[in-house]
Amino acid sequence: MEWNPETLQFLSQCFLHTLSPQPEPRRAAESSLSEAADRPNYGLAVLRLVAEPSVDEQIRQAAAVNFKNHLRTRWVPSNDLNAGPTFSPILDPEKDQIKTLIVSLMLSSSPRIQSQLSEALALIGKHDFPKSWPTLLPELISNLQKAAQSSDYASINGILGTANSIFKKFRYQYKTNDLLLDLKYCLDNFAAPLLDIFLKTASLIDSMASSPGGGSPATVQPLFESQRLCCRIFYSLNFQELPEFFEDHMKEWMGEFRKYLTTNYPSLESSGDGLALVDQLRAAVCENISLYMEKNEEEFQGYLNDFASAVWSLLTNVSQSSSRDKLAVTAMKFLTTVSTSVHHTLFASEGVIPQICQSIVIPNVRLRDEDEELFEMNYIEFIRRDMEGSDLDTRRRIACELLKGIATNYKKQVTDIVSIQIQNLLSSFATNPSANWKDKDCAIYLVVSLATKKAGGTLVSTDLVDVQSFFLSVIVPELQSQDVNGFPMLKAGALKFFTTFRGLIQKPVAFQLFPDLVRFLGAESNVVHSYAASCIEKLLLVKDEGGKARYTSADITPCVPVLMNNLFNSLKFPESEENQYIMKCILRVLAVADISSEIAGPCIAGLTSILNEVCKNPRNPIFNHYLFESVAILIRRACERDASLISAFEGSLFPSLQTILANDVTEFLPYAFQLLAQLVELNKPPISPSYMQIFVLLLSPDSWRRSSNVPALVRLLQAFLQKAPNEVNQEGRLNQVLGIFNMLVSSASSDEHGFYVLNTVIENLEYGVISPYMGNIWNVLFMRLQNNRTVKFQKSLVIFMSLFLIKHGATNLVDTMNAVQDKIFLVILEQFWIPNLKLITGAIELKLTAVASTRLICESPVLLDTAAARLWGKMLDSIVTLLSRPEQDRIEEEPEMPDIAENVGYTATFVKLYNAGKKEEDPLTDVKDPKQFLVASLAKLSALTPGRYPQIINENLEPANQAALLQLCGIYNCQIV
């Protein structure tokens with residue numbers, strides 16, 4: 001694309017129309033720009049348009065956004081084949097011209113355009129800096145020094161913002177020699193200019209702060225933004241290790257840092273925006289001193305006392321306004337780091353810990369208006385923070401972390417002081433419960449947040465209170481309150497306490513409160529009925545010593561009708577229609593309770609009603625998963641207990657499942673196929689016509705196009721092969737099944753599923769039915785073996801051959817293979833069966849392959865021939881390795897690279913339903929111990945020709961395996977003669 005007046009006119013018009021409120025011209029302009037973007041020098045032309053002062057500012061701003069996005073997709077095009085459309089890359093000559101122009105243009109632009117070009121520059125820098133863009137840093141430094149001379153803070157902040165972006169990689173990239181070389185280059189060139197501009201700006205701030213009125217906010221604000229950016233660059237350049245330059249100039253840096261924590265700036269702090277800017281600078285300082293505390297403790301210790309005092313003082317004066325949260329949290333994190341370091345003695349002085357608790361912790365743990373608003377307006381986010389621990393950056397959580405940090409070295413003092421605080425808070429509540437309910441909430445929060453969890457378990461404990469008595473005196477009154485809607489945050493706190501300490505609450509006490517938990521499912525507050533559901537669900541998981549469930553079906557079955565009714569009703573509350581905590585509770589109850597037909601009927605009706613609703617617009621994957629798991633466990637537990645329920649379940653579920661299939665609800669297809677497999681397996685032959693319609697759909701190649709559907713489709717196909725073997729052999733269906741096997745086994749990403757299909761065919765169809773197809777099956781397998789022999793494929797092949805031998809005999813196995821190519825069986829045996837046998841894992845698979853291999857060497861004429869003595873010995877060596885050595889000693893698998901190209905265009909994933917899983921069936925129920933089977937078979941065989949096999953064993957088995965075989969013979973009292 002050439003730069004000329006016509007190009008300027010074309011691009012200007014296009015960008016003008018992209019701002020049109022009318023969809024037609026907007027879409028036409030976007031289409032024209034998309035087409036033009038494929039032409040060489042398009043990015044350069046757009047950048048020149050941005051630089052054209054005669055063009056309207058709005059058009060230039062739209063062009064700057066387009067330029068940034070153009071670079072994002074084309075500077076280094078993505079190699080991710082699933083990432084969407086691919087774009088033609090920007091060529092090197094155009095890249096060079098863009099890099100020549102962009103810095104000066106960014107610095108001369110208006111703030112809005114400057115911000116877009118700064119992001120674009122950072123995108124280039126991420127890939128090219130410093131190696132492919134050696135001129136960038138010198139250019140930035142030169143411009144920074146020029147701007148500093150004239151105190152042009154618009155340009156200074158533009159340059160520092162860009163530097164901040166390109167230096168961020170030093171924070172998150174793994175430390176390598178290349179990264180350290182890049183860091184050294186940046187330090188050598190930028191550390192000194194950074195300190196110069198930092199000190200210059202500090203001097204300007206000092207002079208303005210001391211002048212009458214403290215300087216106008218418009219003048220002072222850019223200075224504070226400059227210092228904030230300097231602090232963020234400081235953090236990036238110091239993140240990996242302490243650079244020599246910064247160690248040499250630590251005094252200058254730390255002196256200014258401390259000043260910003262201890263000085264007030266009234267001219268700025270009197271306005272909301274100004275206070276936010278000062279707080280951002282202070283928060284950046286706190287992050288820097290926390291970094292030094294963590295990584296450079298020895299060098300930093302001379303400054304520690306002053307900073308600890310400054311931060312402490314700052315925290316006592318930071319208001320509870322949410323706009324100051326970032327500062328409060330970073331400051332408390334610094335004190336937490338100090339409390340767990342060797343300098344924890346700062347907290348040992350008399351009165352320090354009580355003062356921290358009183359002036360910092362308690363005020364930050366108390367509920368604020370913002371917390372109440374979140375509780376009412378966004379219950380999901382409230383729970384995520386409060387119950388699920390994603391609140392690490394909230395004042396409440398970090399204040400408790402500070403207490404925990406101090407308690408690392410001063411446990412008794414902390415425990416005593418916090419215990420007194422808790423009692424004071426509860427006493428305050430008792431004097432006026434309706435006015436002082438937040439005091440009780442604060443007390444409960446402290447106990448729960450400071451509880452310690454035992455490593456590797458769910459049991460929590462606390463030294464702050466006696467859990468039993470605190471529960472009875474403080475928590476139970478809330479739970480037994482008849483008004484489930486009164487003081488909902490207090491109710492939520494009580495339910496959270498019950499959930500947290502569930503393992504410590506004695507069963508009679510907890511069980512007595514079960515009806516109250518069921519009652520709270522009817523609370524209008526989304527948080528309260530969610531916490532009630534979560535409490536019930538977690539109680540049903542409690543295990544006593546020895547792993548025995550504390551609460552059994554006998555305990556909960558009497559109240560299940562009311563419980564399930566309340567659970568389903570709570571899903572009707574606004575915002576809780578897809579409440580995952582309630583659905584998880586439904587799942588847990590169905591897993592524990594006795595499912596009678598009286599319970600099963602309303603439950604399946606309720607679940608299918610919900611399923612019909614979510615099919616219209618699947619939004620919450622966690623809720624949906626628990627929903628399908630609930631359906632699966634209900635089918636499994638109710639129908640296995642009472643087969644007469646199957647037809648009723650089919651009547652309820654079939655319309656929903658057919659809707660999913662007919663409307664191609666992609667998120668739900670794998671779930672639908674797994675549920676159908678479950679229903680097919682519960683049926684007795686002959687299979688009904690409605691299922692046969694699904695079978696026809698299942699055999700269509702179109703059904704298998706999405707890789708995410710394949711595991712579930714295989715599961716369903718296996719169910720049909722087991723339950724309808726006669727139907728499979730009609731109307732050419734077996735041919736179609738084997739076509740699916742062929743398709744799956746040809747690809748490394750799905751070959752395992754191909755073997756599942758083939759193994760199920762072998763298990764369930766008579767030999768007379770499958771024998772005409774065996775030649776073709778072997779051809780497919782041998783072709784794949786020749787073209788792409790992965791370890792996984794070879795193991796699956798050994799399992800298939802073993803299963804075939806067990807089901808249809810060694811002679812049929814050998815003959816069908818040799819019919820494809822003369823004597824191919826011995827080649828496959830030597831090259832694939834023997835070396836891969838020792839890699840087999842899984843109890844059923846190990847037994848199957850060991851027994852099949854034993855039968856092969858003891859029954860097959862091919863291997864009993866004297867000419868095959870060496871192969872016989874090697875096969876036995878592999879069998880003994882498989883049976884005598886631990887898995888980790890015999891397997892050295894390397895992970896195989898997935899074939900990404902086979903998954904192009906579809907990124908949905910298969911999620912297995914635990915409760916709809918296929919039961920593993922043992923094809924060798926008559927053989928209990930494969931080791932005994934081996935030595936008994938060998939003893940019987942050797943008795944026919946005494947003296948022959950000990951010699952073969954001696955010549956072909958490793959010494960360790962000879963010893964292991966001898967030991968097995970002794971254990972089972974068998975002798976190889």
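We're numbering straight along the sequence, starting at 1.
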Could [X] and [Y] be called an ion pair, given the rule that one side-chain N must be under 4.0 Å from one carboxylate O?
X      : Y      : result
Glu401 : Lys333 : no
Glu30  : Arg27  : no
Glu577 : Arg619 : no
Arg282 : Glu269 : yes
Asp38  : Arg74  : yes
Glu381 : Arg385 : yes
Lys146 : Asp152 : no
Lys95  : Asp128 : no

query = Taking all atoms of both residues into account, what is the closest heavy-atom pair of Gly125 and Trp133, and its distance?
reply =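 Residues Gly125 and Trp133, closest heavy atoms: N-CZ3, 4.1 Å.
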
key: Minimum-distance pair of heavy atoms, taken over all atoms of Ala120 and Phe67   =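 Reported closest heavy-atom pair: CB-CE2, 3.8 Å.
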
key: Qualifying residue, where the test is ring pair (Phe, Tyr, Trp, His ring centres under 6.0 Å) with Phe234 and the options are Phe198, Phe167, Tyr292   =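 The residue from Phe198, Phe167, Tyr292 that satisfies ring pair (Phe, Tyr, Trp, His ring centres under 6.0 Å) with Phe234 turns out to be Tyr292.
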
inquiry  = Centroid separation under 6.0 Å, is that true for the rings of Phe257 and Phe307?
reply    =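 So the answer is no for these two rings.
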
task = Would you please indicate yes or no on a ring centroid separation below 6.0 angstrom for Phe224 and Tyr265?
result =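 Yes: the rings meet the under 6.0 Å criterion.
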
query = Are any non-hydrogen side-chain atoms of Leu183 and Leu237 less than 4.5 angstrom apart?
reply =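 Result yes, sub-4.5 Å side-chain heavy-atom pair found.
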
Side chains of Val46 and Tyr42 in contact at under 4.5 Å (non-hydrogen atoms) =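 Heavy-atom side-chain distance check passes, below 4.5 Å.
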
ask   = Of Lys259, Arg258, Glu252, which meets side-chain contact (heavy atoms from CB on, under 4.5 Å) against Glu256?
value =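 Among the candidates, only Lys259 passes.
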
Stepwise side chain to side chain donor-acceptor pair (under 3.5 Å) test for Thr7 and Asn4 = CA-CA 5 Å; Thr7 300; Asn4 52 40; 3.0 Å; yes

request  = Measure from NZ or CZ of Lys295 to the centre of the six-membered ring of Phe239, then state whether that distance is under 6.0 Å and the direction lies within 45° of the axis.
outcome  =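 Judged by the rule, Lys295 and Phe239 form a cation-pi pair.
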
message = Whether the Tyr260 and Gln227 side chains hold a donor-acceptor pair (N or O, under 3.5 Å, no angle test) is what I'd like checked.
response =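 On atom types as modelled, these side chains qualify, holding a pair under 3.5 Å.
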
